[in-house]
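Throughout, a chain's letter reflects where its sequence line sits, starting with A, and its residues are numbered from 1. Just the heavy atoms: all of them, side chains too, but no hydrogens, waters or symmetry mates, feed the values below. What you see is a predicted model, and the numbers here were worked out from it, not measured in a lab.
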There are 2 protein chains.
Amino acid sequence: MSRRDFHRATEAERRHDLIEATLDCISEAGLQGATVRQIATKAGVTAGLIRHYFASKDVILQEAYKVVIARLTEKAKNLDGTPEERLSSFIFVNLTEPVANSRSLSLWAAFISRVSVDPALATIHREGYLSFRQELEQLLADVLAAKGESVHPARNRALAIAVNGVLDGLWLEGCLAGELFEESELVSIAFSSIEALIGHPIKAPAPTDMDREYRDALRIHHR
Amino acid sequence: MSRRDFHRATEAERRHDLIEATLDCISEAGLQGATVRQIATKAGVTAGLIRHYFASKDVILQEAYKVVIARLTEKAKNLDGTPEERLSSFIFVNLTEPVANSRSLSLWAAFISRVSVDPALATIHREGYLSFRQELEQLLADVLAAKGESVHPARNRALAIAVNGVLDGLWLEGCLAGELFEESELVSIAFSSIEALIGHPIKAPAPTDMDREYRDALRIHHR
DNA sequence: CTCACAGTTATTCAAGCGTATAACAAAATC
DNA sequence: GATTTTGTTATACGCTTGAATAACTGTGAG
């Protein structure tokens, strides 16, 4: 019985690997499948190591949730271009890979179902949610301002809620039943819906790689 | 040590009580909190009885999921009135109690997070989802037909996806952060959004109790 | 009133859980 | 190259889990 070989990793590496392993476990087998032993196996270490990096299993789950939220929102930050282009990219980014896929939904839903149970997760959730919606609210205000519209704060807030709702709902549909939709059907629907909501057409963004993909998408369905 | 008293219930009663207890456990403590012992305690029986009515824990969870889906969709069925009134009620019903509250979301999310893991749940989910969207698709077709519009099937399908997305997304926001919204803000937003999507105003439904409540809602926010 | 059935309880079991801790060894330090 | 440090393994513990089974008892049939 010889002891198994092991590699000493840096703290950053190890924590990253362990959190990735946690997310893999959750997406493959649900929260119930994310046991310390499963996580350790997936990360190629032994179970005890998890508690060397995380004070408890709850803590690693909290850290994992932060990563999930970051992945769902980071692509929609730091967009550039005109307000209209940024809105356009925002829509596209939120409804295509890697934000919209079934793994994202599995992870998101697993944590959401515990948000109302676990106060620590609730805090993490609320911060992420508010920051996302405020970002969208600012973006919409910029778009309307660029159109020369004076925007009443209450109307802008309602608009943000509506647009957020459309994006959330379409994201949900895409994740849940992606195979029922053609590639970019949802993006196309989102564009027409949001154009209807804000009362203005939305121009295509500047021609980056991403946006070329996006325009291809539109060409197919948006006619 | 005397044996505890017990009451012999009919099969229907017992199954109903056990499923309700299961839902209570899930909404209060997540899927992880729904152990056979917790469910039994909540239902006022002992753990062994669960396996007398359900072949395994998985089976009671599947039955519970069916109930959750039914609760989320049943209120939106068998609406009456003109197509426009039915659409109006449909929107209202889906964004107010008892469909939209944090308990509904807890239950929904808990099961959704297992849909991609458990094939039995996936089947139950898919059936519920398709039936809901087909209902909405028919409803929208009726509304547009009543407006004298000839409806291309593809356009109607896209419209149904969009409206479904708006409703899902707003439902989600209302459940997640209900306290951030005033009573009927979401209903009001849904009306303007969906009016924009279908290109027609939506009349208020016939004056039932429900609809009076609904109009009060609109009066506050929609003007 | 008796009896047999079946709904229910009580108890047990093996497996898996999160956690604690001691032994070990890879790498950094001197 | 010896020594220290600490990342990592290995093992054990108490507890909970889903499940199986035996014992009990409420209840309807006769």
Side-chain angles (χ1 to χ4, degrees), chain A residues 1-26 28-65 110 114 117-118 120-121, chain B residues 1-26 28-65 110 114 117-118 120-121:
Chain A
M1 290 290 273
S2 73
R3 213 158 226 257
R4 99 191 226 182
D5 288 358
F6 64 91
H7 159 71
R8 293 168 98 98
T10 67
E11 173 165 354
E13 272 178 334
R14 202 54 105 187
R15 292 176 69 92
H16 173 267
D17 287 353
L18 288 174
I19 287 176
E20 283 310 308
T22 303
L23 296 181
D24 284 347
C25 287
I26 295 174
E28 288 170 17
L31 262 180
Q32 338 228 5
T35 67
V36 290
R37 286 169 177 81
Q38 276 298 317
I39 294 169
T41 299
K42 180 83 68 179
V45 298
T46 55
L49 192 57
I50 289 176
R51 299 258 342 226
H52 188 261
Y53 286 100
F54 302 93
S56 73
K57 190 196 167 186
D58 281 346
V59 171
I60 194 175
L61 288 182
Q62 288 157 24
E63 297 299 315
Y65 187 32
R114 285 191 71 78
V117 172
D118 181 337
L121 289 183
Chain B
M1 291 290 274
S2 71
R3 209 160 231 255
R4 101 192 225 179
D5 289 358
F6 64 92
H7 160 69
R8 295 169 96 96
T10 67
E11 171 163 355
E13 272 177 335
R14 203 53 106 187
R15 292 177 68 92
H16 173 267
D17 288 352
L18 288 174
I19 288 177
E20 283 310 308
T22 303
L23 296 180
D24 285 346
C25 287
I26 295 174
E28 287 170 17
L31 262 181
Q32 339 228 1
T35 66
V36 290
R37 284 169 178 82
Q38 277 297 317
I39 294 169
T41 299
K42 179 84 68 181
V45 298
T46 55
L49 192 58
I50 289 176
R51 297 259 344 243
H52 188 261
Y53 286 100
F54 302 93
S56 74
K57 189 195 167 187
D58 281 347
V59 171
I60 194 175
L61 288 181
Q62 288 156 24
E63 296 300 315
Y65 187 34
R114 285 192 70 78
V117 172
D118 181 337
L121 289 183

With no angle test and no hydrogens, is the base of D:dT8 tied to the side chain of A:Arg8 by a donor-acceptor pair under 3.5 Å?
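No, the side chain and the base share no sub-3.5 Å donor-acceptor pair.
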Got a donor-acceptor pair under 3.5 Å from the side chain of B:Arg37 to the base of D:dT16?
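When only heavy-atom distances are counted, B:Arg37 does not reach the base of D:dT16 through any donor-acceptor pair under 3.5 Å.
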Just how far, in rounded Å, is [atom2] of [N] from [atom1] of [X]?
X	N	atom1	atom2	answer
B:Asp5	C:dG7	CG	P	19 Å
A:Arg4	C:dA26	CZ	P	13 Å
A:Arg3	C:dC24	CZ	P	7 Å
B:His52	C:dT8	NE2	C1'	8 Å
B:Leu49	C:dT9	CG	P	6 Å
B:Ile50	C:dT9	CD1	C1'	13 Å
B:Lys57	D:dT16	NZ	P	15 Å
A:Glu11	D:dT5	CD	P	19 Å

Sugar-phosphate only, base, or nothing, as touched by [X] at under 4.0 Å among non-hydrogen atoms:
X	answer
A:Thr46	base
B:Tyr53	sugar-phosphate
A:Ala9	sugar-phosphate

B:Ser56 or B:His7, whichever maps to the more 5' nucleotide of DNA chain D:
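Taking each residue's closest nucleotide, the earlier one in sequence belongs to B:Ser56.
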Assuming nearest nucleotide by heavy-atom distance, tell me which of B:Gln32 and A:Arg14 is located more 5' along DNA chain D.
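Checking each residue's closest nucleotide, the 5'-ward one belongs to A:Arg14.
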Could you check whether any side-chain N or O of [X] sits under 3.5 Å from a backbone N or O of [Y], counting only pairs where one atom can act as donor and the other as acceptor?
X	Y	value
B:Lys57	B:Ala34	yes
A:Glu13	A:Thr10	yes
A:Arg15	A:Tyr53	yes

Check: B:Arg14 and B:Leu49 side chains under 4.5 Å, non-hydrogen atoms:
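Heavy-atom side-chain distance check passes, below 4.5 Å.
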First encountered from the 5' end of DNA chain C, between A:Gln38 and A:Arg51:
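Comparing both residues, the 5'-ward one is A:Gln38.
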Working to the nearest 0.5 Å, report the span between CG of B:Leu18 and CD of B:Glu63.
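Those atoms lie 11.5 Å apart.
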